[in-house]
Amino acid sequence: MKKPRIEEVVVVEGRYDRNMLLQVVDATVVETGGFAVFNDREKLHFLRKLAEKRGLILLTDSDGAGFVIRNYLKGALPKERIKQAYIPDVFGKERRKRKAGKEGKLGVEGMTPEILLEALRRSGATFSGEDAAERQAAITKADLLEKGLIGAGSAQRRRELLQKLELPEHLTPNAMLEMLNLLMSREEFYERQ
């Protein structure tokens with residue numbers, strides 16, 4: 001079976017993530033080296049150039065460390081050239097490790113090919129040979145407020161929605177809004193709520 005080709009460059013945390021992803025898609029995959037990216041000016045410069053030329057898809061683990069790396073890169077790279085791919089919170093440990101990570105969640109390397117492909121599709125990745133999805137009316141912060149997903153007392157409703165959509169618990173309200181707009185139309189949002 002031929003692997004789908006992705007036009008953007010996919011950025012992951014480490015080599016095991018990269019190896020797993022290359023089994024699923026035909027893409028350029030770059031590692032951050034985990035937290036090493038914070039002190040690597042050359043890597044950051046390289047990622048900026050890739051973002052300008054091809055666009056980036058950030059695909060980090062769904063644990064706290066993955067979100068620290070993701071948020072650092074979101075602030076250091078051109079926002080309009082970055083897409084966000086999120087894996088769901090799945091508890092367990094990778095086969096190569098003796099014990100689970102600090103939060104007990106599987107990382108990118110522990111995901112099934114189907115989950116990784118779905119995460120990339122949800123991010124809005126450009127797959128060669130496929131037509132881009134037609135953009136519809138966007139879900140807004142006002143919609144989230146109306147449905148009680150932001151504002152006072154909204155944390156539990158947000159957690160429940162993220163769990164239902166199989167998205168990581170660490171998503172900020174802004175990141176959740178971005179993902180909702182990738183996953184569904186405004187009409188679908190109102191039908192589901």
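Put simply, the side chain of E94 reaches to within 4.5 Å of the side chain of L106, judged on heavy atoms.
Applying the side chain to side chain contact (heavy atoms under 4.5 Å, CB included) test to R157 and every residue at least two apart in sequence or in another chain returns L149. Evaluation of the side chain to side chain donor-acceptor pair (under 3.5 Å) rule for N174 yields K141 as partners, not counting sequence neighbours. L162 is linked by a side chain to side chain contact (heavy atoms under 4.5 Å, CB included) to L167, L171, M176, counting only residues two or more places apart in sequence or in another chain. With sequence neighbours left out, E103 forms a side chain to side chain contact (heavy atoms under 4.5 Å, CB included) with D63, K105, E169, H170. In this view, E146 and Y190 satisfy the side chain to side chain contact (heavy atoms under 4.5 Å, CB included) rule, not counting sequence neighbours. With sequence neighbours excluded, the residues forming a ring-ring contact (aromatic ring centres under 6.0 Å, His included) with F35 are F38, listed by chain and number. Taking R54 as the reference, T28 meet the side chain to side chain donor-acceptor pair (under 3.5 Å) condition, with sequence neighbours excluded. By the side chain to side chain donor-acceptor pair (under 3.5 Å) test, R158 pairs with S154, sequence neighbours left out.
Crowding of E42 atom CD: a count of heavy atoms from other residues, nucleotides or ligands under 6.0 Å not exceeding 12.
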- Given L180 and L161, is the side-chain contact (heavy atoms from CB on, under 4.5 Å) satisfied, shown in steps? CA-CA 10 Å; L180 288 173; L161 178 63; 4.2 Å; yes
- Task: Could you give me the CA-CA distance, side-chain angles and deciding distance for T60 and I87, then say whether side-chain contact (heavy atoms from CB on, under 4.5 Å) is met?
- Result: CA-CA 8 Å; T60 61; I87 58 171; over 6 Å; no
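In this structure, R121 is positioned above the aromatic face of F127, its NZ or CZ under 6.0 Å from the six-membered ring centre and within 45° of the axis.
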Below 3.5 Å, can you tabulate the donor-acceptor pairs from side chains in residues 43-51 to any protein atom, sequence neighbours excluded?
residue	atom	partner	partner atom	Å
K43	NZ	E31	O	2.7
R48	NE	A76	O	3.1
R48	NH2	A76	O	3.3

Identify all side-chain donor-acceptor contacts of residues 11-18 below 3.5 Å with residues at least two apart in sequence or on another chain.
residue	atom	partner	partner atom	Å
E13	OE2	D61	N	2.7
D17	OD1	E109	N	3.1
D17	OD2	G14	N	3.3
R18	NE	V29	O	3.0

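Identified under the ring-ring contact (aromatic ring centres under 6.0 Å, His included) test for residues 89-116, with sequence neighbours left out: none. Pairs of residues two or more places apart, or lying in two chains, never qualify as ring-ring contact (aromatic ring centres under 6.0 Å, His included) while including a residue from residues 141-160.
For the side chain to side chain donor-acceptor pair (under 3.5 Å) test with Q84, the passing option among K74, E178, R70, R122 is R70; the others fail.
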